[in-house]
Amino acid sequence: MTPGEAATAAGGQDAALLDAQGVGKRFGAVVALSDGRLRVEAGEIHALLGANGCGKSTLCKVIAGTVAPDSGTIAVGGDVVQFRNPRDAEQAGIALFYQELSLIPQLSVAANIGLGREPRTGLGFVDRRRLNSEAEALIALFAGVAGAELKPEAIVADLTPDLRQIVEILKVLARRPRLIILDEATAALDGRQSARLFEILRARKAEGVSTLMISHRLDEVFAVSDRITVMRGGATVAQLVTAGTNRDQVVRHMVGDARIHPVTSQRMPPALAEPRLTAQGVRNARVHDVSLSLRPGEIVGLGGLQGQGQSALLQGLFGALPFTAGRVTIAGETVALTRTADAIRRGLAYVSGDRGRDAALTGRSIFENLVAALLVREKRRLVRPSELDPLATRHADSLNTQYAGLDAPIGTLSGGNQQKIFIARWLATGPRVLLLDDPTKGIDLAAKGDLLAIMRKLADEGASILIYSSEDAELIEWCDRVLVFNSGRIVTELAGPTLDHFHLARAAYGEAA
Amino acid sequence: MSAVVRSRPWLLTLIALAVLVAVNTALQPSFVQPAVLQSNLTTFLPLTLVAIGQTYVVMGGDIDLSVGAIAALVNVVTVSAIAAVGGDGLTPIIAGLAAGLATAVVCGVINGVLVAVLRLQAIVTTFATGIVFAGTALFVLPQAGLPVPEAFWRSYGATLIGLPVVLWILLAGLAFALFLGRRPFVAHLTAVGGSRVGAFQTGLSLSRVRIGAFVLSALFAGFAALCLTGETASGDPLLGQSLALSSISAVVLGGTALSGGSGGPVGSILGALVLGMIGNVIFFAGLPFAWQTLVQGLIVLAALAGGVLVTRR
Ligand SMILES: Nc1ncnc2c1ncn2[C@@H]1O[C@H](COP(=O)(O)OP(=O)(O)OP(=O)(O)O)[C@@H](O)[C@H]1O
Ligand SMILES: [Mg+2]
């Protein structure tokens, strides 16, 4: 890095803030990037789009100095740079929000935000006061939309997924970059939190700071971005101006000639059968007196703002956060759900969007990750891989997961493809009740379509599905009815004509619908 | 309560130590006499020092099995250097101390570079370097011997401003631990042990931090070797063979997770003292010596299990 040297790549004063050309990267046999191209101007919000596994995260990591490219050039402000590590990139004014988060779970929020650039006292000690007050000032950016647990002293491992995601955002902002790169930063955020993030980004834009954002949510892309770069299969295929394009065009670039399921649901009126699952007055740490009933064939949504007890309810039903009061019945029989193994054997399945904490058997192969739940369900002790292989392959393929082989480590998959494996893990158990906790976090449009199709099929075969999503559109399009949560209670049930964005938002914010 | 214990697991170790001290005093009323305390402390001090150093390596997610061999090597290098310089006065002693500690630093750098730069597995690497260091020690001094000057061991057993030198050394170790604990280094070490990927992505230099931890570990093994030299007043290439595993036991007892990313040296100091006191209590309760290792093992096992239960909330 020699910022002093004359510009060679883009030349002159119209040099872009960032100009990446022909970036290539292979991981063993997998070509993650073949021709990554990206040009970000100063003071713009730029969206990077593409299907799962098309190389977006890899390109960002190359730009941020985490991954060394095999080929291609990167120029910052016209100067060709070669980052040896993330510190070099940070010094050039680039900071990356990592899709899988770069936080240290054991450290406090303040320590994470300040990690590597701690303020010091005269004796060279960490200046805890200043560390905390700097974190406090950053946390204030999300005042009102983040939970009260978000404090400088809070340990990151104890935070909910949305708050951890906010800490990662603050960590990026604390580095005062010229280029903020957000790799699916809104994946676990609710509407209000995302809106606040975009307010912050617009304010930074006015100061000349650029943002590169990756998102699978086209709504927000069209709402905030100035320009769009689309990637497919490791290469950049389109560079567009947001105002001059539309969703259809973007999606066509993303999928190429591939067919895409329409993301809508043909609703079938659920059969008037006996309820499959009922809960009466259940409570745990975050759920206060909730009652509901699920019939076979029904897809029921849980709505509301982030962290109002939706996840806690699902985890309660799954025995991961056992209920302290109330009664749960499955097929008419009262059951005690105090251990996840019991829940699994009763035919319950739980897909978490928080793959880092709940789902991944890190370092293990894709195959092991896939069959983990099946083994518990069937109380198996001995595994003959040859017998399970075809099953694993079929389920992994059901969402078009891209992987080199079943025995590759799970960490080599792209974020979205990992999530598909965790969904497939539970589909493999043939669940009677499927609990989905923000399952689409990070998966692309095509996979969402596939997931919906699979959910519909399971429901039509008689399964009951309870789903929480941080994206209202999914609840509206996918569910037969939606229970809206506020402070651990169900405040409203929406169905039929009242199930729309307007009513959902109104109920979420606490006004009677 | 549980939150307090979770952030300071060594509180439990402190309670255990208090109980052991009480039991020991009941069994052996002379325990609280200054001379007896000093002789006990002299016995416990080497392990306590090694445990402080080991803590840093474990916090960073590694492990150092070579500390015993480093102690032996430092001991023989020190006595050999003293003998080589010869003569009276302070010069040979200072030369010996310097040679010994320089050897420790070299050993730590070797471990750190192999593990952090060449990315060899810490447990296997330090097992192997331990054999190499032990072999080198035998090469330097094939047989126990070479007495050190009287001034060396006399000052180790002396008192300074009314307190025994061994206590001053322990306090210095504690002070160093507290000092380092407030420097960014320990935060970085915790990060490196807690999440290698996250620490790298944050821009920390993993190899610098990990090599630093191995150097600290070796340096504290060196200090322990100097204490042992003061105690035995001679060189012994086979000294300190149980230090590696005992120091890891002390670290675990002190509430530092072997998976890295948590804990601290204050707990390990307490853990080392607990291990020593267990030996005392068993001796004065008249139980056979074989019980000592068994009980220590069971207690370490309990601490490991307890640590897992605490982190599982
Ligand atoms: N460390 C690695 N080892 C092996 N393969 C990898 C590694 N990292 C990424 N890949 C592969 O490179 C390809 C691109 O991955 P990348 O994470 O860049 O995708 P992405 O566009 O970010 O997808 P998503 O939307 O799912 O996050 C994938 O096929 C992935 O399996
Ligand atoms: Mg990605």
- Message: If you define the side chain from C-beta out and look only at heavy atoms, does anything of A:Leu123 sit under 4.5 Å from B:Arg183?
- Response: no

- Query: Does a side-chain heavy-atom distance below 4.5 Å link B:Arg182 with A:Thr121?
  - Reply: no

- Note on the structure: One option among A:Ser102, A:Ala95, A:Gly114, A:Pro105 has the most heavy-atom pairs under 4.5 Å with chain B, and it is A:Ser102

- Note on the structure: Rounding to 0.5 Å, atoms OG (B:Ser195) and CD (A:Glu100) come to a distance of 11.5 Å

- Query: Can you check whether B:Gln201 reaches A:Asn85 side chain to side chain, under 4.5 Å on heavy atoms?
  - Reply: no

- Message: Take a 6.0 Å sphere around CZ of A:Arg176 and say whether it holds more than 12 heavy atoms from other residues, nucleotides or ligands.
- Response: no

- Going by heavy atoms in the side chains, are A:Arg87 and B:Ser205 under 4.5 Å from each other? yes

- Item | Neighbour count above 12 (heavy atom, 6.0 Å) for B:Leu171 CG | yes

- Just wondering, are more than 12 heavy atoms of other shown residues or ligands nearer than 6.0 Å to CZ in B:Arg196? yes

- Query: Which pair of non-hydrogen atoms, one from A:Gln106 and one from B:Gly260, has the smallest distance, and what is that distance?
  - Reply: NE2-O, 3.8 Å

- Message: Given heavy-atom pairs under 4.5 angstrom as the criterion, report whether the side chain, backbone, both or neither of B:Phe185 touches chain A.
- Response: neither

- Query: Of all of B:Gly194, B:Ser262, B:Pro184, which one pairs up most often with chain A through heavy atoms under 4.5 Å apart?
  - Reply: B:Pro184

- How far apart are the closest heavy atoms of A:Leu107 and B:Ala191, and which atoms are they? CD1-CB, 4.1 Å

- More than 12 heavy atoms of other residues, nucleotides or ligands under 6.0 Å from CD of B:Gln121: is that the case? no

- Against chain B, label A:Leu103 side chain, backbone, both or neither, depending on which of its atoms sit under 4.5 Å from a heavy atom there. backbone

- Distance in Å, B:Thr202 OG1 paired with A:Ile113 CD1, rounded so as to fall on 0.5 Å steps: 12.0 Å

